[in-house]
Amino acid sequence: YVHLSAGDLLRAERKKEDSIYREEIEEHIKNGSIVPVAITCSLLKQAMEASSKNQFLIDGFPRNKDNLDGWNKAMETVAKVVKVLFFNCSHEVCIDRCLDRGKTSGRTDDNL
């Protein structure tokens, strides 16, 4: 299988000078808001098609019900979801993890 990180794909896309999504992704990441589902699905689909594999572990997606609905609509003929892992942790744990990661990640979205 291939590990695809939605966040990594979005960060890579926003670095591309010729990306049509660059500014929109940057704005969402900077503001801590969720990138539109159509953009994320498009990037995931491109990564899946570029791979020689046919099994994927998609990390960080879906983030909400809108993401799930968008995935089901855009990807129903592209990929079959076999399992979903959902990790439930407290708000405090999430903040601590992001702040810890932010000490070394250099990511603009790892902050308060």
Look at the side-chain heavy atoms of Ile, Leu, Val, Met, Phe, Trp and Tyr, link any pair under 4.5 Å apart, and say whether [X] and [Y] land in one connected group.
| X | Y | value |
| --- | --- | --- |
| Val82 | Met75 | no |
| Val78 | Trp71 | yes |
| Tyr1 | Leu43 | no |

Quick check: do [X] and [Y] have side-chain heavy atoms less than 4.5 Å from each other?
| X | Y | answer |
| --- | --- | --- |
| Val2 | Gln55 | no |
| Thr40 | Leu10 | yes |
| Pro36 | Tyr21 | no |
| Met48 | Phe56 | yes |
| Ile39 | Glu24 | yes |
| Leu4 | Asp59 | no |
| Cys41 | Phe61 | yes |

Return the [atom1] to [atom2] distance between [X] and [Y], rounded to the nearest 0.5 Å.
| X | Y | atom1 | atom2 | result |
| --- | --- | --- | --- | --- |
| Lys16 | Ile25 | NZ | CD1 | 9.0 Å |
| Gln46 | Leu9 | CD | CG | 9.0 Å |
| Arg63 | Ser33 | CZ | OG | 10.5 Å |

Query raised in the report: Is it true that Lys65 and Asp69 have a side-chain N and a carboxylate O under 4.0 angstrom from each other?
Result: yes

**Report entry** Pair Arg22 + Glu13: basic N to acidic O under 4.0 Å
**Finding:**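 Salt bridge absent between Arg22 and Glu13.
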
Query - Qualifying residue for side-chain contact (heavy atoms from CB on, under 4.5 Å) with Arg97, from Val93, Leu99, Ile95, Asp100 - result: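 The single option meeting the side-chain contact (heavy atoms from CB on, under 4.5 Å) with Arg97 is Val93.
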
**Report entry** Asn64 side-chain N/O to Asp66 backbone N/O, donor-acceptor pair under 3.5 Å
**Finding:** yes

Query raised in the report: Got more than 12 heavy atoms from elsewhere within 6.0 Å of NE2, His3?
Result: yes

**Report entry** Criterion side-chain contact (heavy atoms from CB on, under 4.5 Å) on Ile34 and His28, from CA distance to verdict
**Finding:** CA-CA 6 Å; Ile34 294 179; His28 282 284; 6.0 Å; no

